[in-house]
Amino acid sequence: MTRLETTVERNYQSVCERIAAAATRAGRSADDVKLVAVTKYAEVEWVRALVNLGVTELGENRPQQLQERAELIAGPVHWHLIGHLQRNKVRRMLPTVSLIHSVDSVRLLAEIEKQASELQLESRVLLEVNLTGEEQKHGFRADDLAAQWGDVIKARGVRIEGLMAMAAYSDNPDDARPVFKRLRELRDQLAVRSPSDMPLAQLSMGMTGDFEIAIEEGATLVRIGSALWDGL
Ligand SMILES: *Cc1c(COP(=O)(O)O)cnc(C)c1O
(Lines give C-alpha, C1' and ligand atoms only; values in the text may rest on other atoms or scores of the structure.)
Protein backbone atom coordinates (compact mmCIF):
# COMPACT_ATOMS: atom_id res chain seq x y z
CA MET A 1 0.00 0.00 0.00
CA THR A 2 1.12 3.55 -0.65
CA ARG A 3 1.47 6.04 2.18
CA LEU A 4 -1.66 7.75 0.92
CA GLU A 5 -3.69 4.54 1.09
CA THR A 6 -2.37 3.67 4.54
CA THR A 7 -3.22 7.10 5.90
CA VAL A 8 -6.72 7.18 4.43
CA GLU A 9 -7.43 3.69 5.73
CA ARG A 10 -6.21 4.52 9.22
CA ASN A 11 -8.29 7.70 9.32
CA TYR A 12 -11.37 5.92 8.00
CA GLN A 13 -11.05 3.11 10.54
CA SER A 14 -10.63 5.58 13.34
CA VAL A 15 -13.76 7.51 12.27
CA CYS A 16 -15.75 4.26 12.01
CA GLU A 17 -14.63 3.21 15.49
CA ARG A 18 -15.58 6.58 16.93
CA ILE A 19 -19.00 6.43 15.25
CA ALA A 20 -19.57 2.94 16.64
CA ALA A 21 -18.46 3.93 20.14
CA ALA A 22 -20.73 6.98 20.19
CA ALA A 23 -23.68 4.88 18.96
CA THR A 24 -23.04 2.30 21.67
CA ARG A 25 -22.91 5.00 24.34
CA ALA A 26 -26.30 6.23 23.15
CA GLY A 27 -27.79 2.73 23.08
CA ARG A 28 -28.07 2.89 19.30
CA SER A 29 -26.87 0.58 16.58
CA ALA A 30 -23.86 1.81 14.58
CA ASP A 31 -25.76 0.69 11.47
CA ASP A 32 -28.26 3.47 12.07
CA VAL A 33 -25.58 6.11 11.55
CA LYS A 34 -24.28 6.65 8.04
CA LEU A 35 -21.03 8.38 7.21
CA VAL A 36 -21.13 11.02 4.49
CA ALA A 37 -17.49 11.59 3.59
CA VAL A 38 -17.05 15.27 2.82
CA THR A 39 -14.55 15.64 0.01
CA LYS A 40 -14.37 19.41 -0.43
CA TYR A 41 -10.79 19.70 0.88
CA ALA A 42 -9.60 16.43 -0.60
CA GLU A 43 -7.63 15.72 -3.74
CA VAL A 44 -9.31 13.37 -6.17
CA GLU A 45 -6.71 10.68 -5.42
CA TRP A 46 -7.57 10.77 -1.73
CA VAL A 47 -11.25 10.35 -2.54
CA ARG A 48 -10.48 7.39 -4.78
CA ALA A 49 -8.51 5.77 -1.94
CA LEU A 50 -11.53 6.16 0.34
CA VAL A 51 -13.96 4.79 -2.25
CA ASN A 52 -11.66 1.77 -2.66
CA LEU A 53 -12.22 1.05 1.04
CA GLY A 54 -15.95 0.73 0.36
CA VAL A 55 -17.22 4.22 1.19
CA THR A 56 -20.24 4.98 -0.98
CA GLU A 57 -21.65 8.26 0.38
CA LEU A 58 -19.69 11.35 -0.65
CA GLY A 59 -20.55 14.97 0.11
CA GLU A 60 -19.63 18.30 -1.48
CA ASN A 61 -20.79 21.74 -0.48
CA ARG A 62 -20.50 23.35 -3.92
CA PRO A 63 -22.74 22.20 -6.79
CA GLN A 64 -20.05 22.89 -9.38
CA GLN A 65 -17.39 20.83 -7.62
CA LEU A 66 -19.86 18.03 -6.95
CA GLN A 67 -20.59 17.84 -10.67
CA GLU A 68 -16.92 17.81 -11.63
CA ARG A 69 -16.04 15.16 -9.09
CA ALA A 70 -18.96 12.95 -9.95
CA GLU A 71 -17.42 12.66 -13.41
CA LEU A 72 -13.96 11.85 -12.03
CA ILE A 73 -14.83 9.32 -9.35
CA ALA A 74 -15.93 5.96 -10.68
CA GLY A 75 -17.66 3.28 -8.66
CA PRO A 76 -20.94 2.81 -6.87
CA VAL A 77 -21.02 6.18 -5.10
CA HIS A 78 -23.87 8.44 -4.11
CA TRP A 79 -23.35 12.19 -4.00
CA HIS A 80 -24.75 14.39 -1.25
CA LEU A 81 -25.04 18.14 -1.70
CA ILE A 82 -24.45 19.70 1.72
CA GLY A 83 -24.07 23.39 0.79
CA HIS A 84 -26.31 26.12 -0.56
CA LEU A 85 -28.04 25.47 -3.89
CA GLN A 86 -29.17 28.32 -6.13
CA ARG A 87 -32.42 27.81 -7.93
CA ASN A 88 -30.83 28.23 -11.34
CA LYS A 89 -28.52 25.26 -10.63
CA VAL A 90 -31.26 22.83 -9.62
CA ARG A 91 -31.90 21.34 -13.03
CA ARG A 92 -28.26 20.46 -13.61
CA MET A 93 -27.83 19.07 -10.12
CA LEU A 94 -30.81 16.74 -9.91
CA PRO A 95 -29.61 13.89 -12.15
CA THR A 96 -26.29 13.66 -10.28
CA VAL A 97 -27.23 14.10 -6.67
CA SER A 98 -28.62 11.40 -4.41
CA LEU A 99 -29.63 13.55 -1.44
CA ILE A 100 -29.74 17.34 -1.08
CA HIS A 101 -29.16 18.18 2.61
CA SER A 102 -29.45 21.92 2.20
CA VAL A 103 -32.93 22.92 1.06
CA ASP A 104 -33.30 26.25 2.83
CA SER A 105 -36.45 27.87 1.43
CA VAL A 106 -39.91 27.03 0.15
CA ARG A 107 -38.95 28.67 -3.17
CA LEU A 108 -36.01 26.30 -3.59
CA LEU A 109 -38.23 23.36 -2.68
CA ALA A 110 -40.76 24.47 -5.30
CA GLU A 111 -38.04 24.71 -7.95
CA ILE A 112 -36.82 21.22 -7.13
CA GLU A 113 -40.41 19.99 -7.38
CA LYS A 114 -40.81 21.63 -10.79
CA GLN A 115 -37.54 20.39 -12.25
CA ALA A 116 -37.91 16.90 -10.80
CA SER A 117 -41.30 16.64 -12.44
CA GLU A 118 -39.97 17.82 -15.82
CA LEU A 119 -37.02 15.42 -15.63
CA GLN A 120 -39.26 12.66 -14.28
CA LEU A 121 -37.01 12.09 -11.32
CA GLU A 122 -37.96 11.68 -7.73
CA SER A 123 -35.63 13.77 -5.65
CA ARG A 124 -34.69 13.24 -2.02
CA VAL A 125 -34.07 16.21 0.21
CA LEU A 126 -33.48 17.34 3.77
CA LEU A 127 -34.50 20.76 5.02
CA GLU A 128 -31.70 22.82 6.53
CA VAL A 129 -32.55 24.65 9.72
CA ASN A 130 -30.54 27.57 11.07
CA LEU A 131 -30.72 26.99 14.81
CA THR A 132 -27.81 29.19 15.82
CA GLY A 133 -29.18 32.48 14.49
CA GLU A 134 -25.90 33.20 12.69
CA GLU A 135 -26.73 35.51 9.79
CA GLN A 136 -24.14 34.07 7.41
CA LYS A 137 -25.70 30.62 7.71
CA HIS A 138 -28.41 29.44 5.40
CA GLY A 139 -31.46 27.56 6.55
CA PHE A 140 -35.03 27.95 7.68
CA ARG A 141 -35.63 29.54 11.02
CA ALA A 142 -37.31 26.92 13.18
CA ASP A 143 -40.45 28.97 13.76
CA ASP A 144 -40.74 29.84 10.04
CA LEU A 145 -40.46 26.19 9.10
CA ALA A 146 -43.15 25.23 11.60
CA ALA A 147 -45.37 28.05 10.27
CA GLN A 148 -44.87 26.99 6.64
CA TRP A 149 -45.16 23.27 7.30
CA GLY A 150 -48.62 22.98 5.77
CA ASP A 151 -47.20 24.21 2.43
CA VAL A 152 -44.00 22.21 2.70
CA ILE A 153 -45.74 18.85 2.97
CA LYS A 154 -47.72 19.52 -0.21
CA ALA A 155 -44.56 19.14 -2.31
CA ARG A 156 -44.99 16.36 -4.87
CA GLY A 157 -42.17 14.39 -6.50
CA VAL A 158 -39.85 15.46 -3.72
CA ARG A 159 -39.23 13.14 -0.80
CA ILE A 160 -38.53 15.18 2.31
CA GLU A 161 -36.59 12.70 4.43
CA GLY A 162 -35.60 14.82 7.40
CA LEU A 163 -33.68 17.82 8.69
CA MET A 164 -30.12 19.10 8.65
CA ALA A 165 -28.32 21.59 10.88
CA MET A 166 -24.90 22.86 11.77
CA ALA A 167 -23.79 23.90 15.22
CA ALA A 168 -21.76 27.05 15.71
CA TYR A 169 -18.01 26.60 15.62
CA SER A 170 -16.58 25.90 19.07
CA ASP A 171 -13.54 24.24 20.62
CA ASN A 172 -15.86 22.43 22.99
CA PRO A 173 -18.01 19.79 21.23
CA ASP A 174 -20.48 19.82 24.10
CA ASP A 175 -21.52 23.34 23.08
CA ALA A 176 -23.19 21.73 20.05
CA ARG A 177 -25.43 19.44 22.10
CA PRO A 178 -28.33 21.89 22.63
CA VAL A 179 -28.44 22.60 18.88
CA PHE A 180 -28.58 18.92 17.98
CA LYS A 181 -31.18 18.27 20.63
CA ARG A 182 -33.34 21.09 19.29
CA LEU A 183 -33.11 19.71 15.76
CA ARG A 184 -34.31 16.31 16.98
CA GLU A 185 -37.17 17.89 18.93
CA LEU A 186 -38.17 20.02 15.94
CA ARG A 187 -38.18 16.89 13.79
CA ASP A 188 -40.40 15.12 16.33
CA GLN A 189 -42.85 18.04 16.31
CA LEU A 190 -42.98 18.25 12.51
CA ALA A 191 -43.28 14.49 12.08
CA VAL A 192 -46.51 14.52 14.06
CA ARG A 193 -47.88 17.05 11.54
CA SER A 194 -46.76 15.05 8.47
CA PRO A 195 -48.35 12.33 6.37
CA SER A 196 -47.56 8.80 7.49
CA ASP A 197 -45.32 8.22 4.44
CA MET A 198 -43.15 11.13 5.59
CA PRO A 199 -41.59 10.06 8.89
CA LEU A 200 -38.65 12.53 8.65
CA ALA A 201 -36.35 9.72 9.69
CA GLN A 202 -33.08 11.42 8.78
CA LEU A 203 -31.17 13.85 10.96
CA SER A 204 -28.04 15.15 9.24
CA MET A 205 -25.91 16.66 11.97
CA GLY A 206 -22.34 16.43 13.21
CA MET A 207 -19.01 17.21 11.56
CA THR A 208 -15.41 16.39 12.53
CA GLY A 209 -15.51 18.54 15.67
CA ASP A 210 -18.84 17.38 17.06
CA PHE A 211 -20.09 14.19 15.38
CA GLU A 212 -19.96 12.07 18.52
CA ILE A 213 -22.25 14.48 20.34
CA ALA A 214 -24.55 14.53 17.29
CA ILE A 215 -24.78 10.72 17.33
CA GLU A 216 -25.63 10.77 21.03
CA GLU A 217 -28.45 13.19 20.14
CA GLY A 218 -29.84 11.06 17.29
CA ALA A 219 -27.89 11.85 14.10
CA THR A 220 -28.49 9.35 11.28
CA LEU A 221 -26.11 11.05 8.83
CA VAL A 222 -22.78 12.53 9.94
CA ARG A 223 -20.92 14.77 7.48
CA ILE A 224 -17.22 14.28 8.14
CA GLY A 225 -14.35 15.81 6.18
CA SER A 226 -11.18 16.84 8.03
CA ALA A 227 -10.88 13.73 10.23
CA LEU A 228 -10.66 11.58 7.09
CA TRP A 229 -7.83 13.59 5.57
CA ASP A 230 -5.71 14.03 8.65
CA GLY A 231 -1.98 13.75 7.96
CA LEU A 232 -2.27 13.99 4.17
C1 LIG B 1 -17.20 21.13 5.21
C2 LIG B 1 -18.50 20.69 5.75
C3 LIG B 1 -18.58 19.58 6.62
C4 LIG B 1 -17.38 18.78 7.07
O5 LIG B 1 -16.58 19.53 7.93
P6 LIG B 1 -15.34 18.91 8.73
O7 LIG B 1 -15.23 19.76 9.93
O8 LIG B 1 -14.18 18.98 7.83
O9 LIG B 1 -15.69 17.51 9.08
C10 LIG B 1 -19.84 19.20 7.06
N11 LIG B 1 -20.95 19.87 6.71
C12 LIG B 1 -20.91 20.94 5.88
C13 LIG B 1 -22.19 21.63 5.53
C14 LIG B 1 -19.69 21.39 5.38
O15 LIG B 1 -19.66 22.46 4.57
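Keep in mind that this is a model prediction, so the values were computed, not measured. Note that the numbering runs from 1 along the sequence shown for the chain. Note that ligands are numbered from 1 as they come in the structure, with each ligand's atoms numbered from 1 the same way.
With sequence neighbours excluded, the residues that form a salt bridge (Lys or Arg N to Asp or Glu O under 4.0 Å) with Arg25 are Glu216.
Ion pairing between Arg184 and Glu217 holds under the 4.0 Å rule for side-chain N and carboxylate O. A salt bridge is absent between Glu60 and Arg62: the closest approach of a Lys/Arg side-chain nitrogen to an acidic carboxylate oxygen does not fall below 4.0 angstrom. Under 4.0 Å is where a charged nitrogen must lie from a carboxylate oxygen, and between Arg182 and Glu185 no such pair does. Between Arg91 and Glu118, at least one side-chain N (NZ, or NE/NH1/NH2) sits under 4.0 Å from a carboxylate O, which counts as a salt bridge.
Ordered by chain and residue number, the residues placing a heavy atom less than 4.0 Å from ligand 1 are Val38, Lys40, Tyr41, Asn61, Ile82, Met166, Met207, Thr208, Arg223, Ile224, Gly225, Ser226.
Relative ring orientation between Trp46 and Trp229 is described as tilted, the plane-to-plane angle lying within the 30° to 60° band.
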